[in-house]
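Structure first, commentary second.
Remember, it's 1-based here, ligands and their atoms both numbered in the order they're listed. As the structure is a prediction and not an experimental result, all values here were calculated from the model.
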Amino acid sequence: MKQTILVTGGTGFIGSHTTVELQNAGYKVVIVDNLSNSKSDVIDGIEKISGVRPAFEHVDCCDLKAMDGVFTKYPDIQGIIHFAASKAVGESVEKPLLYYRNNFTSLLNLLDLMPKHNVKGIIFSSSCTVYGQPDPENLPVTESAPIKKAESPYGNTKQVNEEIITDDINSGAPIKAILLRYFNPIGSHPSAIIGEMPNGVPMNLIPYVTQTAMGIREQLKIFGNDYDTPDGTCIRDYIYVVDLAKAHVKAMQRVLDTDSDKLEVFNIGTGKGVSTLELIETFQKATGVKLNWAYAPRRAGDIEKVWANPDKANKVLGWKAETSLEDTLKSAWKWQQKLRKEGLQ
Ligand code: UD1
């Protein structure tokens with residue numbers, strides 16, 4: 001049995017898939033989640049897939065005393081993967097203080113508690129949002145591309161949290177950290193036992209696509225077809241959530257088992273830019289379902305084009321995105337069909 005890992009936000013979309021991969025790799029997992037945006041029955045799903053039930057504590061990472069109690073209860077925790085955060089861009093513009101309080105306090109609590117409880121490493125969920133719109137000469141974007149002023153309080157919490165971890169390590173804190181900058185995570189576990197559960201009307205593209213395909217939404221709107229891209233629609237780097245989850249396992253091994261630098265940053269993407277239109281066409285081809293879609297005006301705050309140069313993660317972490325976009329979209333559709341079968345959506 002390998003080390004014990006605390007996964008904050010472990011019942012969420014990326015957290016649940018990462019817990020499965022950690023357990024498949026032999027790690028013991030303790031999940032902490034306040035269930036503000038997820039349900040505890042995800043734990044059953046994780047157990048069904050991996051054959052192991054992770055420990056679960058219904059605790060809010062902003063509660064310092066309760067978090068201290070978690071580390072005391074599980075003295076073997078050696079690493080943390082910190083997913084727990086508020087993540088809706090639009091909501092963050094309306095409720096900035098909620099976002100700052102939640103996303104900063106939870107990280108500060110973990111950094112305070114790590115040395116006290118001899119926790120060696122932390123992997124932080126960051127985002128390509130820190131690059132904003134990279135200048136054309138910086139595409140595909142590498143980790144050394146300039147950080148642009150954040151477009152939303154949510155984006156700002158990612159940037160500032162990266163700085164908080166950096167300053168803490170530079171001050172001599174006895175910890176190591178890896179910042180993973182995710183591109184656009186999509187899809188669900190091939191078993192369709194766990195997946196993405198959007199609250200209300202989805203803001204992100206894939207849940208909107210699958211809900212439209214299911215007839216829950218009448219029509220998918222493509223936001224803007226007059227961008228400076230080959231077909232006029234925005235370009236993103238869509239990364240399969242299971243591949244992304246595996247990147248966390250590699251990062252955790254590196255932090256805990258090697259003498260790597262105390263702080264490292266990696267882009268986690270496929271390296272392939274895909275336009276919204278291409279994505280819709282691929283979905284239709286992969287699933288055989290015809291989508292009702294139409295062009296609509298641009299969405300405020302959208303980035304025109306961004307995709308990763310994942311060379312550093314490929315070489316240094318020994319990780320590579322492996323799953324095709326077709327298979328990824330099939331998994332998202334399978335999950336949507338399962339939600340319908342269970343009467344959930
Ligand atoms: C957004 C956030 C990003 C966050 C990520 C989380 C912004 C500006 N960025 O990324 O910070 O980390 O979600 O997953 O909000 N689209 C449509 N129609 C739709 C929905 C989306 O055309 O109904 C298009 C968007 O214009 C975009 C692409 O699909 O070009 C992907 O959109 P989305 O899934 O919302 O992700 P991002 O905007 O890339």
Side-chain angles (χ1 to χ4, degrees), residues 9 12-15 17 37 83 85-94 99 103 124-134 141 147-159 161-162 179-188 195-213 216-241 244 267-270 273-283 291-308 325 328-329 332:
F13 174 43
I14 309 173
H17 287 83
N37 200 21
F83 294 107
S86 305
K87 61 164 191 178
V89 176
E91 186 188 45
S92 80
V93 176
E94 281 154 31
Y99 272 65
N103 293 3
F124 176 66
S125 290
S126 191
S127 164
C128 68
T129 195
V130 302
Y131 300 119
Q133 176 58 65
V141 73
I147 301 295
K148 297 265 175 79
K149 186 177 160 31
E151 296 264 355
S152 67
Y154 157 77
N156 203 27
T157 67
K158 292 295 174 196
Q159 289 189 7
N161 273 344
E162 286 199 359
L179 316 177
L180 295 183
R181 293 179 181 153
Y182 315 151
F183 283 68
N184 286 55
I186 62 166
S188 71
E196 188 172 10
M197 272 296 235
N199 241 338
V201 181
M203 295 295 159
N204 292 115
L205 180 61
I206 301 309
Y208 212 104
V209 164
T210 58
Q211 290 195 7
T212 306
I216 300 167
R217 310 285 157 207
E218 200 187 321
Q219 188 178 58
L220 172 78
K221 305 269 191 289
I222 294 188
F223 298 138
N225 64 336
D226 56 352
Y227 284 104
D228 182 19
T229 60
D231 64 23
T233 66
C234 291
I235 293 178
R236 295 289 185 274
D237 185 335
Y238 295 95
I239 166 88
Y240 183 40
V241 66
L244 172 63
N267 282 342
I268 304 296
T270 67
V274 172
S275 77
T276 311
L277 189 58
E278 283 174 325
L279 185 125
I280 288 170
E281 282 165 356
T282 310
F283 178 85
L291 266 185
N292 178 18
W293 67 267
Y295 288 125
R298 292 181 177 196
R299 178 171 73 176
D302 253 342
I303 301 296
E304 181 172 87
K305 50 188 168 207
V306 63
W307 68 99
L325 186 60
T328 302
L329 292 171

Notebook entry, point to check: Residues two or more places apart in sequence or in another chain: which of them pass ring pair (Phe, Tyr, Trp, His ring centres under 6.0 Å) with Y238?
Noted result: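 Ring pair (Phe, Tyr, Trp, His ring centres under 6.0 Å) check on Y238 returns nothing, list empty.
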Sorted by chain and number, sequence neighbours left out, salt bridge (Lys or Arg N to Asp or Glu O under 4.0 Å) with E91 holds for K95
Heteroatom proximity flag, [X] to ligand 1, N/O under 3.5 Å:
| X | value |
| --- | --- |
| Y154 | yes |
| F223 | yes |
| L205 | yes |

Per side chain to side chain contact (heavy atoms under 4.5 Å, CB included), W307 is matched among I235, V274, N184, V141 by I235
[X] neighbourhood, listing ligand 1 atoms whose heavy-atom distance to it stays under 4.0 Å:
| X | result |
| --- | --- |
| V89 | 2 (C), 7 (C), 9 (N), 11 (O), 15 (O) |
| T129 | 11 (O) |
| S127 | 12 (O) |
| R299 | 25 (C), 32 (O), 33 (P), 35 (O), 38 (O) |
| M203 | 20 (C), 35 (O) |

* When S126 is tested against each of R181, E162, K158 for side chain to side chain donor-acceptor pair (under 3.5 Å), which residue passes? ->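 Single side chain to side chain donor-acceptor pair (under 3.5 Å) partner of S126 among R181, E162, K158: E162.
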[options]: member with heavy atom nearest to [atom]:
| atom | options | answer |
| --- | --- | --- |
| atom 18 (N) of ligand 1 | Q211, Q219, R236, K221 | K221 |
| atom 8 (C) of ligand 1 | S125, G132, G301 | G301 |
| atom 28 (C) of ligand 1 | Y208, F183, Y238, Y182 | Y238 |

